[in-house]
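Please read the structure below before turning to the comments.
Order of the sequence lines sets the chain letters (A, B, ...), proteins ahead of strands, with each chain counted from 1.
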There are 2 protein chains.
Amino acid sequence: MNWKQLFPQFEPGLIEIIEKEAVQRSFNAGDIIMRTGQYIKSTALVLEGRVKIYRENQDGGEFLMYYLGPGQACAVSMICALQSHTSEIMAVAEEDSEVLMIPVQLMDDMMNKYKTWYQFVIQTYRGRFDELLSVVDNIAFRNMDERLEFYLKRYTEKAGKKTIDISHQQIADDLNSSREVISRLLKKMEQRNLVKLHRNMIELL
Amino acid sequence: MNWKQLFPQFEPGLIEIIEKEAVQRSFNAGDIIMRTGQYIKSTALVLEGRVKIYRENQDGGEFLMYYLGPGQACAVSMICALQSHTSEIMAVAEEDSEVLMIPVQLMDDMMNKYKTWYQFVIQTYRGRFDELLSVVDNIAFRNMDERLEFYLKRYTEKAGKKTIDISHQQIADDLNSSREVISRLLKKMEQRNLVKLHRNMIELL
DNA sequence: TTACTGCTGTGATTTCTGTCACATTGTGAG
DNA sequence: CTCACAATGTGACAGAAATCACAGCAGTAA
(Lines give C-alpha, C1' and ligand atoms only; values in the text may rest on other atoms or scores of the structure.)
Protein backbone atom coordinates (compact mmCIF):
# COMPACT_ATOMS: atom_id res chain seq x y z
CA MET A 1 0.00 0.00 0.00
CA ASN A 2 1.34 3.37 -0.96
CA TRP A 3 0.59 5.62 1.98
CA LYS A 4 1.71 8.79 0.25
CA GLN A 5 -1.52 9.23 -1.67
CA LEU A 6 -3.32 9.58 1.66
CA PHE A 7 -1.24 12.64 2.48
CA PRO A 8 -0.73 14.46 -0.82
CA GLN A 9 0.00 17.69 1.03
CA PHE A 10 3.17 16.44 2.74
CA GLU A 11 6.31 18.02 1.36
CA PRO A 12 9.19 15.91 -0.04
CA GLY A 13 11.53 16.28 2.93
CA LEU A 14 8.83 15.15 5.29
CA ILE A 15 7.96 12.15 3.17
CA GLU A 16 11.61 11.22 3.07
CA ILE A 17 11.96 11.29 6.85
CA ILE A 18 8.83 9.25 7.34
CA GLU A 19 9.95 6.70 4.79
CA LYS A 20 13.30 6.41 6.46
CA GLU A 21 12.29 6.35 10.11
CA ALA A 22 8.69 5.22 10.42
CA VAL A 23 7.65 1.60 10.63
CA GLN A 24 4.54 0.23 9.01
CA ARG A 25 2.76 -2.39 11.05
CA SER A 26 -0.16 -4.70 10.26
CA PHE A 27 -2.84 -5.52 12.79
CA ASN A 28 -5.56 -8.11 12.54
CA ALA A 29 -9.12 -7.28 13.51
CA GLY A 30 -9.25 -7.38 17.28
CA ASP A 31 -5.56 -6.73 17.88
CA ILE A 32 -4.71 -4.24 20.57
CA ILE A 33 -2.63 -1.38 19.20
CA MET A 34 -2.34 0.66 22.36
CA ARG A 35 -3.32 -0.18 25.90
CA THR A 36 -4.30 1.99 28.87
CA GLY A 37 -1.25 2.80 30.96
CA GLN A 38 1.18 1.77 28.28
CA TYR A 39 4.16 4.00 27.60
CA ILE A 40 3.90 5.59 24.19
CA LYS A 41 6.89 5.24 21.93
CA SER A 42 5.32 6.33 18.67
CA THR A 43 2.53 8.24 17.05
CA ALA A 44 0.05 6.10 15.17
CA LEU A 45 -1.12 7.06 11.70
CA VAL A 46 -3.85 4.86 10.25
CA LEU A 47 -3.32 3.92 6.61
CA GLU A 48 -5.91 1.25 6.08
CA GLY A 49 -8.74 -0.32 8.04
CA ARG A 50 -10.46 1.08 11.10
CA VAL A 51 -9.20 1.62 14.63
CA LYS A 52 -11.44 2.02 17.62
CA ILE A 53 -10.39 4.38 20.40
CA TYR A 54 -12.07 3.83 23.74
CA ARG A 55 -11.80 4.51 27.42
CA GLU A 56 -11.65 1.76 29.96
CA ASN A 57 -12.26 2.03 33.69
CA GLN A 58 -11.03 -0.17 36.48
CA ASP A 59 -14.28 -2.19 36.86
CA GLY A 60 -14.07 -3.43 33.29
CA GLY A 61 -16.43 -0.81 31.88
CA GLU A 62 -15.72 0.39 28.36
CA PHE A 63 -16.75 3.47 26.50
CA LEU A 64 -16.25 4.15 22.81
CA MET A 65 -14.87 7.57 21.96
CA TYR A 66 -14.35 7.47 18.22
CA TYR A 67 -12.98 5.62 15.24
CA LEU A 68 -9.91 6.39 13.18
CA GLY A 69 -9.95 5.69 9.46
CA PRO A 70 -7.31 5.91 6.72
CA GLY A 71 -5.44 9.20 6.87
CA GLN A 72 -6.34 9.86 10.49
CA ALA A 73 -4.07 9.92 13.49
CA CYS A 74 -4.53 9.37 17.18
CA ALA A 75 -4.44 12.75 18.93
CA VAL A 76 -3.79 11.09 22.25
CA SER A 77 -0.68 9.39 20.95
CA MET A 78 0.55 12.71 19.61
CA ILE A 79 -0.06 14.53 22.83
CA CYS A 80 1.47 11.80 24.91
CA ALA A 81 4.34 11.40 22.51
CA LEU A 82 5.23 15.06 22.67
CA GLN A 83 5.34 14.89 26.41
CA SER A 84 6.40 11.28 26.93
CA HIS A 85 3.33 10.41 28.94
CA THR A 86 1.56 7.10 29.16
CA SER A 87 -1.60 6.36 27.25
CA GLU A 88 -4.98 6.94 28.83
CA ILE A 89 -6.96 5.17 26.17
CA MET A 90 -7.23 1.84 24.40
CA ALA A 91 -6.76 1.51 20.65
CA VAL A 92 -7.96 -1.66 18.96
CA ALA A 93 -8.12 -2.62 15.31
CA GLU A 94 -11.75 -3.09 14.32
CA GLU A 95 -10.81 -4.39 10.91
CA ASP A 96 -7.49 -5.66 9.62
CA SER A 97 -5.49 -2.47 9.59
CA GLU A 98 -2.23 -0.95 8.45
CA VAL A 99 -0.70 1.59 10.78
CA LEU A 100 2.33 3.78 10.35
CA MET A 101 4.27 4.17 13.57
CA ILE A 102 6.33 7.33 13.80
CA PRO A 103 8.91 7.35 16.60
CA VAL A 104 8.33 9.93 19.32
CA GLN A 105 11.78 11.48 19.04
CA LEU A 106 11.05 12.71 15.52
CA MET A 107 7.88 14.56 16.40
CA ASP A 108 9.48 17.70 17.74
CA ASP A 109 11.80 18.10 14.82
CA MET A 110 9.06 17.38 12.29
CA MET A 111 6.78 19.92 13.92
CA ASN A 112 9.45 22.58 13.61
CA LYS A 113 10.69 21.79 10.14
CA TYR A 114 7.63 20.82 8.18
CA LYS A 115 4.70 23.13 7.98
CA THR A 116 2.45 20.48 6.48
CA TRP A 117 3.13 18.19 9.39
CA TYR A 118 2.43 20.94 11.83
CA GLN A 119 -0.85 21.65 10.07
CA PHE A 120 -1.72 17.99 10.07
CA VAL A 121 -1.16 17.77 13.82
CA ILE A 122 -3.25 20.86 14.50
CA GLN A 123 -6.01 19.52 12.29
CA THR A 124 -5.87 16.21 14.12
CA TYR A 125 -6.22 17.95 17.47
CA ARG A 126 -9.20 19.85 16.31
CA GLY A 127 -10.85 16.80 14.79
CA ARG A 128 -10.50 14.64 17.89
CA PHE A 129 -11.41 17.45 20.22
CA ASP A 130 -14.60 18.03 18.25
CA GLU A 131 -15.45 14.36 18.31
CA LEU A 132 -14.88 14.26 22.02
CA LEU A 133 -17.17 17.25 22.37
CA SER A 134 -19.96 15.50 20.52
CA VAL A 135 -19.42 12.42 22.68
CA VAL A 136 -19.83 14.60 25.76
CA ASP A 137 -22.97 16.10 24.28
CA ASN A 138 -24.43 12.69 23.71
CA ILE A 139 -23.87 11.23 27.13
CA ALA A 140 -24.69 14.48 28.90
CA PHE A 141 -27.89 15.40 27.08
CA ARG A 142 -29.26 12.34 25.33
CA ASN A 143 -31.07 9.19 26.41
CA MET A 144 -29.95 5.76 25.38
CA ASP A 145 -32.29 5.58 22.38
CA GLU A 146 -30.81 8.69 20.82
CA ARG A 147 -27.30 7.65 21.71
CA LEU A 148 -27.92 4.32 19.99
CA GLU A 149 -29.15 6.02 16.83
CA PHE A 150 -26.10 8.25 16.86
CA TYR A 151 -23.89 5.21 17.35
CA LEU A 152 -25.39 3.35 14.41
CA LYS A 153 -25.23 6.35 12.14
CA ARG A 154 -21.63 7.04 13.03
CA TYR A 155 -20.75 3.41 12.50
CA THR A 156 -22.20 3.27 9.02
CA GLU A 157 -20.53 6.55 8.12
CA LYS A 158 -17.14 5.31 9.22
CA ALA A 159 -17.52 1.85 7.75
CA GLY A 160 -18.93 3.19 4.50
CA LYS A 161 -21.83 0.73 4.30
CA LYS A 162 -25.37 0.50 5.56
CA THR A 163 -24.92 -2.67 7.57
CA ILE A 164 -23.50 -3.04 11.04
CA ASP A 165 -21.91 -6.44 11.53
CA ILE A 166 -21.69 -6.65 15.28
CA SER A 167 -23.72 -8.19 18.08
CA HIS A 168 -26.00 -6.36 20.48
CA GLN A 169 -23.57 -7.21 23.25
CA GLN A 170 -20.74 -5.36 21.54
CA ILE A 171 -22.91 -2.31 21.01
CA ALA A 172 -23.86 -2.40 24.67
CA ASP A 173 -20.18 -2.51 25.61
CA ASP A 174 -19.37 0.45 23.39
CA LEU A 175 -22.15 2.49 24.96
CA ASN A 176 -21.42 1.20 28.44
CA SER A 177 -24.95 -0.16 28.66
CA SER A 178 -26.40 -3.67 28.83
CA ARG A 179 -27.35 -6.08 26.11
CA GLU A 180 -31.03 -6.31 27.07
CA VAL A 181 -31.48 -2.55 26.87
CA ILE A 182 -29.90 -2.40 23.44
CA SER A 183 -31.95 -5.34 22.16
CA ARG A 184 -35.16 -3.70 23.30
CA LEU A 185 -34.30 -0.31 21.82
CA LEU A 186 -33.33 -1.95 18.56
CA LYS A 187 -36.66 -3.76 18.47
CA LYS A 188 -38.41 -0.43 18.89
CA MET A 189 -36.34 1.04 16.10
CA GLU A 190 -37.32 -1.90 13.92
CA GLN A 191 -40.99 -1.20 14.65
CA ARG A 192 -40.40 2.38 13.55
CA ASN A 193 -38.84 1.04 10.34
CA LEU A 194 -35.49 2.61 11.04
CA VAL A 195 -33.57 -0.65 10.97
CA LYS A 196 -33.94 -4.29 10.03
CA LEU A 197 -32.48 -6.79 12.47
CA HIS A 198 -30.55 -9.91 11.55
CA ARG A 199 -28.26 -12.19 13.44
CA ASN A 200 -24.94 -10.41 14.06
CA MET A 201 -26.02 -7.73 11.66
CA ILE A 202 -28.18 -4.62 11.64
CA GLU A 203 -29.36 -2.98 8.47
CA LEU A 204 -29.92 0.76 8.60
CA LEU A 205 -32.85 1.88 6.45
CA MET B 1 -1.30 43.37 36.79
CA ASN B 2 1.94 42.26 35.25
CA TRP B 3 1.07 39.21 33.20
CA LYS B 4 4.66 38.32 32.39
CA GLN B 5 5.30 36.64 35.70
CA LEU B 6 2.64 34.08 34.81
CA PHE B 7 4.66 33.02 31.79
CA PRO B 8 8.29 33.23 32.86
CA GLN B 9 9.29 30.82 30.11
CA PHE B 10 8.26 33.11 27.23
CA GLU B 11 11.22 34.51 25.33
CA PRO B 12 11.72 38.28 24.87
CA GLY B 13 10.59 38.47 21.26
CA LEU B 14 7.37 36.70 22.07
CA ILE B 15 6.67 38.96 25.02
CA GLU B 16 7.27 41.95 22.82
CA ILE B 17 4.78 40.81 20.21
CA ILE B 18 2.15 40.07 22.82
CA GLU B 19 2.66 43.42 24.47
CA LYS B 20 2.32 45.17 21.17
CA GLU B 21 -0.59 43.28 19.64
CA ALA B 22 -2.65 41.68 22.37
CA VAL B 23 -5.45 43.43 24.19
CA GLN B 24 -6.15 42.97 27.86
CA ARG B 25 -9.82 42.94 28.76
CA SER B 26 -11.62 42.94 32.09
CA PHE B 27 -14.76 40.94 32.71
CA ASN B 28 -17.08 41.07 35.67
CA ALA B 29 -18.32 37.91 37.33
CA GLY B 30 -21.09 36.57 35.12
CA ASP B 31 -19.95 38.23 31.90
CA ILE B 32 -19.99 36.12 28.79
CA ILE B 33 -16.55 35.96 27.20
CA MET B 34 -17.37 33.65 24.35
CA ARG B 35 -20.70 32.34 23.14
CA THR B 36 -21.70 29.20 21.26
CA GLY B 37 -21.73 29.84 17.53
CA GLN B 38 -19.74 33.03 17.80
CA TYR B 39 -16.93 33.63 15.36
CA ILE B 40 -13.58 33.55 17.11
CA LYS B 41 -11.29 36.48 16.51
CA SER B 42 -8.77 35.89 19.26
CA THR B 43 -7.27 33.35 21.58
CA ALA B 44 -8.08 33.91 25.24
CA LEU B 45 -5.40 33.73 27.88
CA VAL B 46 -6.62 34.02 31.46
CA LEU B 47 -4.49 36.29 33.66
CA GLU B 48 -6.63 36.66 36.72
CA GLY B 49 -9.89 35.26 38.04
CA ARG B 50 -11.66 32.13 36.90
CA VAL B 51 -13.40 31.31 33.66
CA LYS B 52 -15.95 28.57 33.26
CA ILE B 53 -16.08 26.63 30.01
CA TYR B 54 -19.29 24.78 29.32
CA ARG B 55 -21.37 23.20 26.64
CA GLU B 56 -24.90 24.27 25.90
CA ASN B 57 -27.53 22.40 23.97
CA GLN B 58 -30.57 23.69 22.13
CA ASP B 59 -33.10 22.88 24.88
CA GLY B 60 -31.31 25.12 27.35
CA GLY B 61 -29.35 22.32 29.00
CA GLU B 62 -25.88 23.18 30.24
CA PHE B 63 -22.90 21.08 31.06
CA LEU B 64 -19.71 22.23 32.75
CA MET B 65 -16.52 21.03 31.14
CA TYR B 66 -13.77 22.76 33.09
CA TYR B 67 -12.44 25.95 34.59
CA LEU B 68 -9.55 28.09 33.42
CA GLY B 69 -7.40 29.86 35.97
CA PRO B 70 -4.53 32.34 35.72
CA GLY B 71 -1.96 31.19 33.20
CA GLN B 72 -4.35 28.90 31.37
CA ALA B 73 -5.73 29.25 27.89
CA CYS B 74 -8.81 28.04 26.14
CA ALA B 75 -7.86 25.17 23.84
CA VAL B 76 -11.06 25.57 21.88
CA SER B 77 -10.27 29.17 21.06
CA MET B 78 -6.80 28.13 19.90
CA ILE B 79 -8.10 25.38 17.71
CA CYS B 80 -10.85 27.50 16.29
CA ALA B 81 -8.53 30.44 15.87
CA LEU B 82 -6.02 28.44 13.89
CA GLN B 83 -8.74 27.32 11.55
CA SER B 84 -11.09 30.29 11.71
CA HIS B 85 -14.01 28.25 12.95
CA THR B 86 -16.82 29.29 15.20
CA SER B 87 -16.93 28.45 18.87
CA GLU B 88 -18.73 25.36 20.09
CA ILE B 89 -18.60 26.27 23.73
CA MET B 90 -19.55 28.99 26.16
CA ALA B 91 -16.98 30.83 28.24
CA VAL B 92 -18.19 32.85 31.21
CA ALA B 93 -16.29 34.69 33.92
CA GLU B 94 -17.01 33.06 37.27
CA GLU B 95 -15.16 35.76 39.14
CA ASP B 96 -14.05 39.18 38.01
CA SER B 97 -11.36 38.26 35.51
CA GLU B 98 -8.59 39.67 33.40
CA VAL B 99 -8.13 38.07 30.01
CA LEU B 100 -5.47 38.65 27.39
CA MET B 101 -6.90 38.47 23.88
CA ILE B 102 -4.39 37.53 21.21
CA PRO B 103 -5.56 38.18 17.66
CA VAL B 104 -6.00 35.09 15.52
CA GLN B 105 -3.74 36.32 12.74
CA LEU B 106 -0.70 36.24 15.00
CA MET B 107 -1.09 32.64 16.07
CA ASP B 108 0.47 31.03 13.03
CA ASP B 109 3.47 33.25 13.07
CA MET B 110 3.96 32.88 16.81
CA MET B 111 3.73 29.11 16.56
CA ASN B 112 6.48 29.09 13.96
CA LYS B 113 8.80 31.63 15.51
CA TYR B 114 8.60 31.05 19.21
CA LYS B 115 9.31 27.65 20.60
CA THR B 116 8.00 28.56 24.05
CA TRP B 117 4.68 29.57 22.53
CA TYR B 118 4.50 26.37 20.57
CA GLN B 119 5.19 24.42 23.74
CA PHE B 120 2.58 26.38 25.60
CA VAL B 121 -0.01 25.59 22.94
CA ILE B 122 0.83 21.89 22.95
CA GLN B 123 0.69 21.83 26.72
CA THR B 124 -2.69 23.56 26.63
CA TYR B 125 -4.03 20.98 24.21
CA ARG B 126 -2.91 18.16 26.37
CA GLY B 127 -4.30 19.73 29.52
CA ARG B 128 -7.75 20.38 28.10
CA PHE B 129 -7.87 17.05 26.35
CA ASP B 130 -7.08 15.31 29.61
CA GLU B 131 -9.73 17.27 31.44
CA LEU B 132 -12.25 16.41 28.78
CA LEU B 133 -11.29 12.77 29.16
CA SER B 134 -11.93 12.85 32.87
CA VAL B 135 -15.26 14.55 32.22
CA VAL B 136 -16.18 11.72 29.88
CA ASP B 137 -15.11 9.21 32.52
CA ASN B 138 -17.31 10.83 35.08
CA ILE B 139 -20.51 10.98 33.10
CA ALA B 140 -19.94 7.61 31.46
CA PHE B 141 -19.01 5.58 34.51
CA ARG B 142 -20.12 7.42 37.65
CA ASN B 143 -23.43 8.06 39.36
CA MET B 144 -24.58 11.50 40.38
CA ASP B 145 -23.30 11.18 43.96
CA GLU B 146 -19.74 10.54 42.80
CA ARG B 147 -19.99 13.20 40.13
CA LEU B 148 -21.12 15.67 42.74
CA GLU B 149 -18.18 14.87 44.98
CA PHE B 150 -15.84 15.27 42.05
CA TYR B 151 -17.47 18.58 41.19
CA LEU B 152 -17.07 19.97 44.71
CA LYS B 153 -13.50 18.81 44.97
CA ARG B 154 -12.59 20.32 41.62
CA TYR B 155 -14.30 23.55 42.55
CA THR B 156 -12.36 23.98 45.78
CA GLU B 157 -9.13 23.11 44.04
CA LYS B 158 -9.69 25.71 41.37
CA ALA B 159 -11.00 28.38 43.71
CA GLY B 160 -8.29 27.73 46.27
CA LYS B 161 -10.61 27.66 49.27
CA LYS B 162 -12.73 25.12 51.10
CA THR B 163 -16.04 26.86 50.62
CA ILE B 164 -18.29 26.76 47.59
CA ASP B 165 -20.36 29.91 47.32
CA ILE B 166 -23.05 28.85 44.92
CA SER B 167 -26.61 27.61 45.15
CA HIS B 168 -27.79 24.04 44.68
CA GLN B 169 -29.56 25.16 41.53
CA GLN B 170 -26.31 26.31 39.95
CA ILE B 171 -24.62 23.04 40.79
CA ALA B 172 -27.54 21.18 39.25
CA ASP B 173 -27.16 23.24 36.09
CA ASP B 174 -23.44 22.56 35.87
CA LEU B 175 -24.04 18.83 36.20
CA ASN B 176 -27.12 18.92 33.97
CA SER B 177 -29.21 17.52 36.80
CA SER B 178 -32.04 18.94 38.90
CA ARG B 179 -31.97 20.98 42.08
CA GLU B 180 -33.88 18.45 44.18
CA VAL B 181 -31.46 15.66 43.35
CA ILE B 182 -28.48 17.79 44.29
CA SER B 183 -30.08 18.96 47.53
CA ARG B 184 -30.80 15.38 48.56
CA LEU B 185 -27.32 14.15 47.72
CA LEU B 186 -25.78 17.06 49.59
CA LYS B 187 -27.89 16.21 52.62
CA LYS B 188 -26.56 12.66 52.50
CA MET B 189 -23.01 13.99 52.25
CA GLU B 190 -23.68 16.17 55.28
CA GLN B 191 -24.84 13.10 57.21
CA ARG B 192 -21.59 11.41 56.26
CA ASN B 193 -19.75 14.47 57.58
CA LEU B 194 -18.21 15.29 54.22
CA VAL B 195 -19.72 18.77 54.01
CA LYS B 196 -21.51 21.36 56.07
CA LEU B 197 -24.41 23.11 54.38
CA HIS B 198 -25.22 26.79 54.60
CA ARG B 199 -27.32 29.13 52.56
CA ASN B 200 -25.62 29.80 49.22
CA MET B 201 -22.52 28.14 50.57
CA ILE B 202 -21.13 24.67 51.08
CA GLU B 203 -18.21 23.95 53.34
CA LEU B 204 -16.04 21.00 52.38
CA LEU B 205 -14.66 19.14 55.41
C1' DT C 1 -43.05 44.98 61.40
C1' DT C 2 -44.83 42.94 56.89
C1' DA C 3 -44.53 41.29 52.41
C1' DC C 4 -41.89 39.37 48.95
C1' DT C 5 -38.50 36.59 46.82
C1' DG C 6 -35.19 33.18 46.32
C1' DC C 7 -33.06 29.08 48.53
C1' DT C 8 -33.57 24.72 50.69
C1' DG C 9 -35.91 20.32 52.48
C1' DT C 10 -38.88 16.46 51.60
C1' DG C 11 -42.56 13.25 50.11
C1' DA C 12 -44.94 11.04 46.18
C1' DT C 13 -44.80 9.49 41.61
C1' DT C 14 -42.88 8.35 37.05
C1' DT C 15 -39.46 7.28 33.68
C1' DC C 16 -35.36 5.30 32.23
C1' DT C 17 -31.98 2.00 32.69
C1' DG C 18 -29.73 -1.96 34.65
C1' DT C 19 -30.17 -6.70 36.34
C1' DC C 20 -31.90 -11.36 36.79
C1' DA C 21 -34.15 -15.23 34.91
C1' DC C 22 -35.30 -17.93 31.33
C1' DA C 23 -37.20 -19.03 26.62
C1' DT C 24 -36.23 -19.17 21.75
C1' DT C 25 -33.60 -19.18 17.60
C1' DG C 26 -29.71 -19.48 14.37
C1' DT C 27 -25.37 -21.62 13.14
C1' DG C 28 -21.52 -24.50 12.88
C1' DA C 29 -19.04 -28.81 14.43
C1' DG C 30 -19.21 -33.44 14.57
C1' DC D 1 -29.32 -34.73 12.00
C1' DT D 2 -28.12 -33.53 16.61
C1' DC D 3 -25.72 -31.17 19.98
C1' DA D 4 -23.63 -27.21 21.80
C1' DC D 5 -23.28 -22.59 22.02
C1' DA D 6 -23.77 -17.91 21.01
C1' DA D 7 -27.17 -14.40 19.92
C1' DT D 8 -31.53 -12.65 20.65
C1' DG D 9 -36.35 -11.86 22.79
C1' DT D 10 -38.99 -10.82 26.83
C1' DG D 11 -41.07 -10.45 31.43
C1' DA D 12 -40.34 -9.06 36.22
C1' DC D 13 -38.12 -6.33 39.31
C1' DA D 14 -34.74 -2.84 41.45
C1' DG D 15 -32.50 1.49 41.69
C1' DA D 16 -31.18 6.09 40.13
C1' DA D 17 -32.74 10.23 38.78
C1' DA D 18 -36.26 13.53 37.00
C1' DT D 19 -40.48 15.76 37.99
C1' DC D 20 -44.27 17.63 40.66
C1' DA D 21 -46.05 19.62 44.69
C1' DC D 22 -45.59 22.14 48.54
C1' DA D 23 -43.68 23.69 53.09
C1' DG D 24 -40.38 26.17 55.71
C1' DC D 25 -36.74 29.58 56.07
C1' DA D 26 -33.37 33.47 55.32
C1' DG D 27 -32.57 37.81 53.71
C1' DT D 28 -34.24 42.23 51.79
C1' DA D 29 -36.98 46.16 50.72
C1' DA D 30 -40.58 49.06 52.09
Integer-rounded Å distance: C/dA21 C1' and A/E180 CD: 10 Å
Aromatic ring pairing A/F7/A/W3, orientation class (parallel under 30°, perpendicular over 60°, tilted between): tilted
Separation of D/dG15 C1' from B/N143 CG (nearest whole Å): 9 Å
Whole angstrom value for the distance that separates P of C/dC7 from CG of B/L197: 15 Å
Separation of C/dC7 P from B/M201 CE (nearest whole Å): 16 Å
Closest contact, heavy atoms only, B/R50 versus B/S97: N-OG, 3.2 Å
Check: C/dC7 base within 3.5 Å donor-acceptor of B/Q169 side chain: no
Distance-only donor-acceptor test (3.5 Å): side chain B/R184, base C/dG11: yes
Euclidean distance, atom CD1 of residue B/I182 to atom P of C/dT8 [Å, nearest integer]: 12 Å
Nearest to side-chain heavy atoms of B/S167, which nucleotide of D/dT8, C/dT19, C/dC7: C/dC7
Nucleotide D/dA17, atom P - distance to NZ of B/K187 in whole Å: 19 Å
Test item: side-chain donor near acceptor, A/D173 and A/Q169, under 3.5 Å: yes
Per A/S178 side chain, nearest of listed nucleotides C/dT10, D/dG9, C/dT19: C/dT19
Under 3.5 Å donor-acceptor pairs involving side-chain atoms of residues 61-70 of chain A, not counting sequence neighbours:
none

Report all interatomic pairs (protein N or O, nucleotide N or O of nucleotides 23-30 of chain C) with separations under 3.5 Å.
residue, atom, partner, partner atom, Å
C/dG26, O4', A/R199, NH1, 3.4

From D/dA18, C/dG9, D/dT8, nucleotide with atom closest to B/M144 side chain: D/dA18
Between C1' of C/dT10 and CD of B/E190, the distance in whole Å: 15 Å
Note: B/E157-B/R154 ion pair, threshold 4.0 Å (strictly below): no
Value in whole Å for how far the P atom of C/dT17 lies from CG of A/L185: 7 Å
Electrostatic pair A/R128-A/E131, nearest N-O below 4.0 angstrom: yes
Any B/H168 side-chain nitrogen or oxygen under 4.0 Å from OP1 or OP2 of C/dG6: no
Residues in side-chain hydrogen bond (donor to acceptor under 3.5 Å, both in side chains) contact with B/E56, at least two apart in sequence or another chain: none
